[in-house]
Amino acid sequence: MPAAESAGQLPGGTDAFTRFDALVSATDRWSGSAAGWLPAQAIANEWRDVAARLDRMRQELARVLVVGVVGGTGVGKSTLVNALAGREVTEAGDVARPTTRQPVVVAGPGVDLSWLSLEEFDGRLVRSDAPAVSGIVLIDCPDPDTQSLADSGDRGAVQSAAANHNRDRLELVLPQCDVLLLVSTAQKYRSWIVARELAAFAPGRPLLFVQTHASRDPDIRDDWRQELQAQGFEVPRIFRLDAAEAAVRAGVGRPAEPAFLELTAAIDSELVGRAARRVRRAGAVDLLVWFLERSADRLVSSRPAVDQLAAGLAAERTRLETLLAAGISRELQQGRHAWQAVIDDEVVARWQGGLFAAFLRAVSAVRSLWGNLRGRSGLAGRLLAGALPGAAPAAGGSEQGLAELGLTGGEIEQSRSVLSGLAEQAGAVPPLIGPPRTGQPMAAALADELIAGASRWLAGGLEQIVGLRRQQVDRLSFRGVFELLFTGFLAVILVRAGLSFFGGRLWQGLPTAGDGFLQEAMLWLLIWGFVLRWCVFRLLRIGLDRDLKLLLDQVPQAHLVDPLLADYRTAVGTIEQYLAEAERLGKEARALAACQEAGPTELGRLRPSSAE
């Protein structure tokens with residue numbers, strides 16, 4: 001199967017075009033998913049340019065490729081363009097003299113260039129019927145390392161250095177190119193200026209490498225390849241030829257040298273016809289992979305600060321939860337009388353049909369008078385008394401409600417200030433996070449939300465604890481024992497009084513002993529009733545402290561302080577999700593690029609992980 005066709009399928013039969021479009025859409029959504037995080041904003045800004053270029057590449061699959069010939073001053077770049085065009089179409093200069101200032105566009109006679117904005121980069125169009133340029137558009141690009149005319153030693157030049165803007169023109173031309181043809185010599189192959197410009201525009205653009213001046217320079221292809229590989233380029237082949245000789249031969253109609261024919265054959269096989277579509281598709285995938293790898297490299301440096309923010313959030317949350325648990329524990333300890341009242345009410349309400357039940361109701365009725373006079377204060381007391389969960393005390397508002405829960409506005413502001421500093425180091429800014437110091441309306445709203453949530457949670461926990469005691473009271477064996485003990489004591493008193501009355505007075509004729517016995521008996525009955533009542537509540541209170549401790553241990557799982565730090569928690573979650581999605585997209589893009597491999601090629605490229 002031809003490489004161009006096999007490249008269109010992914011493992012499992014998935015169409016590569018569909019997969020690519022889905023990946024571009026997912027990247028577009030991802031790039032804007034963390035508004036307020038500075039690294040993500042920088043990535044989103046860069047993505048707008050990359051997305052526009054990808055869209056243009058997908059829409060222009062059918063047109064011919066634009067090959068930009070790039071190189072330093074005096075490397076024979078313009079001479080090579082003349083050789084490929086078959087005649088002199090651009091002025092070729094000496095080694096140290098600035099030459100190409102106006103870009104020269106070379107195209108075949110029938111090539112439609114309506115899509116190419118020559119005015120944008122001040123390009124000059126030249127038509128050529130040379131076979132080497134019949135299937136491509138060739139651009140002789142300005143030199144990035146040219147000297148100004150004033151510095152070149154040309155005293156007859158009238159153009160000032162300020163008017164010489166070769167690099168600006170180059171940066172307007174290179175975005176129009178689909179392929180870059182890099183030309184160099186033994187003197188210029190290590191030029192950092194050319195390397196910088198090349199690295200900036202190489203992503204998504206395949207490259208051809210040509211060493212010119214072959215007749216007078218040593219063969220530097222091995223050294224140049226090592227230099228290019230160190231800069232992050234894949235270099236399958238470097239062509240070596242004499243551009244001046246090739247231009248002369250083309251100008252007089254003589255047959256070209258084999259080295260030049262190898263270059264033209266590579267252009268024809270790699271860049272013309274169906275190969276052009278393959279190059280553009282591969283370039284689009286490479287560009288996307290480059291963008292995602294570059295973004296991943298940026299995010300790696302941001303990761304430590306994000307981890308510090310997440311650790312700081314966990315530490316401050318734990319600190320506030322510790323204060324909250326201590327405050328709730330204090331409230332519960334101070335409201336222990338409320339526990340007695342609730343359990344008393346539960347016993348009286350559920351203990352029916354017995355003398356001991358009647359005794360308990362009588363005692364509860366007397367205690368209720370005292371309870372109504374004292375009232376039930378504190379959060380625990382109000383909740384146990386049936387107050388609405390989340391209702392703040394009327395006297396103190398939200399501040400008193402927070403104080404009852406063991407928190408103060410100062411503690412909350414301290415946590416938010418610490419997290420604000422960590423967020424700033426991580427690059428998190430509004431709208432991802434809120435201000436470190438909340439205004440009065442916002443602070444009151446956060447306090448009310450915390451109080452409401454904590455009250456609902458505490459009310460549920462107390463109800464569960466009371467429910468366990470309620471089940472114990474509901475057991476028939478539990479009630480039966482105490483009814484039997486109370487009723488048995490009363491029966492003993494009655495039997496003793498009956499024997500004294502009937503046996504002593506009626507049968508034996510003894511005088512009555514008065515009512516002293518009955519008074520003592522009733523007193524002991526009351527004492528016995530209170531002893532039994534104390535035993536009942538003592539049994540019901542067994543394990544109460546343990547249950548309260550278990551309830552307080554659940555404070556971290558209840559996320560009660562989350563409303564106070566909700567923006568920071570959301571920020572960390574958003575950034576973590578952003579980082580995870582970046583990793584997933586990178587793996588997906590690399591898998592797609594691996595399936596796009598079309599076999600041996602003479603085109604080089606910039607490795608994605610090496611782009612700066």
Side-chain angles (χ1 to χ4, degrees), residues 27 31 39 41-57 65-73 75 77 98 100-101 103 116-117 120-123 138-147 164-184 188-210 224-225 227-235 279-280 282-301 589 593 603-612:
T27 304
S31 65
Q41 289 180 2
I43 290 174
N45 292 335
E46 185 173 21
W47 170 248
R48 281 192 287 270
D49 296 333
V50 173
R53 185 177 161 198
L54 287 173
D55 186 63
R56 185 169 62 251
M57 294 170 74
L65 294 175
V66 178
V67 181
V69 183
V70 184
T73 303
V75 298
K77 172 173 55 64
T100 307
R101 291 187 296 273
L116 186 62
S117 301
E120 183 177 341
F121 55 87
D122 191 27
L138 201 64
I139 300 182
D140 184 13
C141 297
D143 311 324
D145 62 343
T146 188
Q147 304 173 26
N164 185 21
H165 302 294
N166 272 23
R167 190 173 301 166
D168 295 338
R169 292 193 184 97
L170 178 64
E171 293 179 356
L172 292 175
V173 174
L174 290 181
Q176 310 293 329
C177 301
D178 303 304
V179 180
L180 301 180
L181 194 157
L182 179 61
V183 181
S184 194
K188 288 293 187 79
Y189 74 96
R190 291 182 177 176
S191 170
W192 67 270
I193 298 178
V194 175
R196 182 185 61 186
E197 296 295 328
L198 189 64
F201 291 94
R205 294 181 172 92
L207 299 102
L208 286 169
F209 304 96
V210 179
W224 192 19
R225 176 177 284 106
E227 184 73 19
L228 290 169
Q229 289 174 343
Q231 296 171 11
F233 290 93
E234 294 180 1
V235 187
V279 166
R280 191 169 276 112
V285 174
D286 283 346
L287 178 60
L288 183 58
V289 174
W290 166 82
F291 170 76
L292 291 173
E293 292 289 343
R294 176 182 172 89
S295 301
D297 290 341
R298 287 180 172 179
L299 295 176
V300 166
S301 61
L603 296 175
R605 66 169 186 162
L606 180 67
R607 291 193 298 270
S609 59
S610 302
E612 295 293 339

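What's counted below: heavy atoms across the whole structure, side chains too, no hydrogens, waters or symmetry copies.
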Practice prompt. Can you see which heavy atom on Lys188 is nearest to which on Thr73, and at what distance?
Written response: NZ-O, 2.7 Å
Worksheet entry | Sidechain-backbone polar pair: Arg169 side chain, Phe121 backbone, donor-acceptor under 3.5 Å | no
Response to the item:
d(Leu228 CG, Leu182 CG) to nearest 0.5 Å is 6.5 Å
Worksheet item: Excluding sequence neighbours, so at least two apart, what forms side-chain contact (heavy atoms from CB on, under 4.5 Å) with Ala51?
Response: Trp47
Worksheet item: Which residues satisfy the side-chain hydrogen bond (donor to acceptor under 3.5 Å, both in side chains) test with Arg298, sequence neighbours excluded?
Response: Glu46
Item to complete: Locate the shortest heavy-atom distance separating Ser31 from Ala44; write the atom from each residue and the value.
Response: O-CB, 3.4 Å
Worksheet item: Which distance, rounded to the nearest 0.5 Å, do you find between the OG1 of Thr27 and the CD1 of Ile43?
Response: 11.0 Å
Worksheet entry | Check: Gly72 main-chain N/O paired with Lys77 side-chain donor or acceptor under 3.5 Å | no
Worksheet entry | Any Val69 side-chain heavy atom under 4.5 Å of Leu180 side chain | no
Discussion item. How close do Ile139 and Cys177 get, counting heavy atoms only, and between which atoms?
Written reply: CD1-SG, 4.4 Å
Worksheet entry | 4.5 Å side-chain heavy-atom contact, Glu120 and Gln176 | yes
Fill in: salt bridge (charged side-chain N to carboxylate O under 4.0 Å, His left out) partners for Asp168, two or more places apart
none
Practice prompt. First locate atom CG of Leu287, then atom CG of Leu606, and finally report the distance between them rounded to the nearest 0.5 Å.
Written response: 11.0 Å
Worksheet entry | By side-chain hydrogen bond (donor to acceptor under 3.5 Å, both in side chains) - contacts of Asp286 (at least two apart) | Arg605
Worksheet item: CZ/Phe291 to CZ/Arg53 distance, rounded to the nearest 0.5 angstrom?
Response: 12.5 Å
Item to complete: Starting at CG of Leu181, measure out to CG of Asp140 and round the result to the nearest 0.5 Å.
Response: 11.0 Å
Worksheet item: Heavy-atom distance under 4.5 Å between the side chains of Cys141 and Val70, does that happen here?
Response: yes
Fill in: Residue list, side-chain contact (heavy atoms from CB on, under 4.5 Å) with Leu603, at least two apart or on another chain
Pro206, Leu208, Glu270, Leu271, Val279, Thr601
Worksheet entry | Partner residues of Asp55 under the side-chain contact (heavy atoms from CB on, under 4.5 Å) criterion, sequence neighbours left out | Arg58, Gln59
Discussion item. I need the minimum non-hydrogen distance between Ala593 and Val289, along with the two atoms involved.
Written reply: CB-CG2, 3.9 Å
Show me, pair by pair, the donor-acceptor contacts under 3.5 angstrom made by side chains of residues 189-204, not counting sequence neighbours?
unit_1: Ser191; atom_1: OG; unit_2: Val194; atom_2: N; d: 3.4

Worksheet item: What is the distance from atom CG of Asp143 to atom CG of Leu170, rounded to the nearest 0.5 Å?
Response: 8.5 Å
Practice prompt. Go through the structure and list residues passing side-chain hydrogen bond (donor to acceptor under 3.5 Å, both in side chains) with Arg280, not counting sequence neighbours.
Written response: Asp178
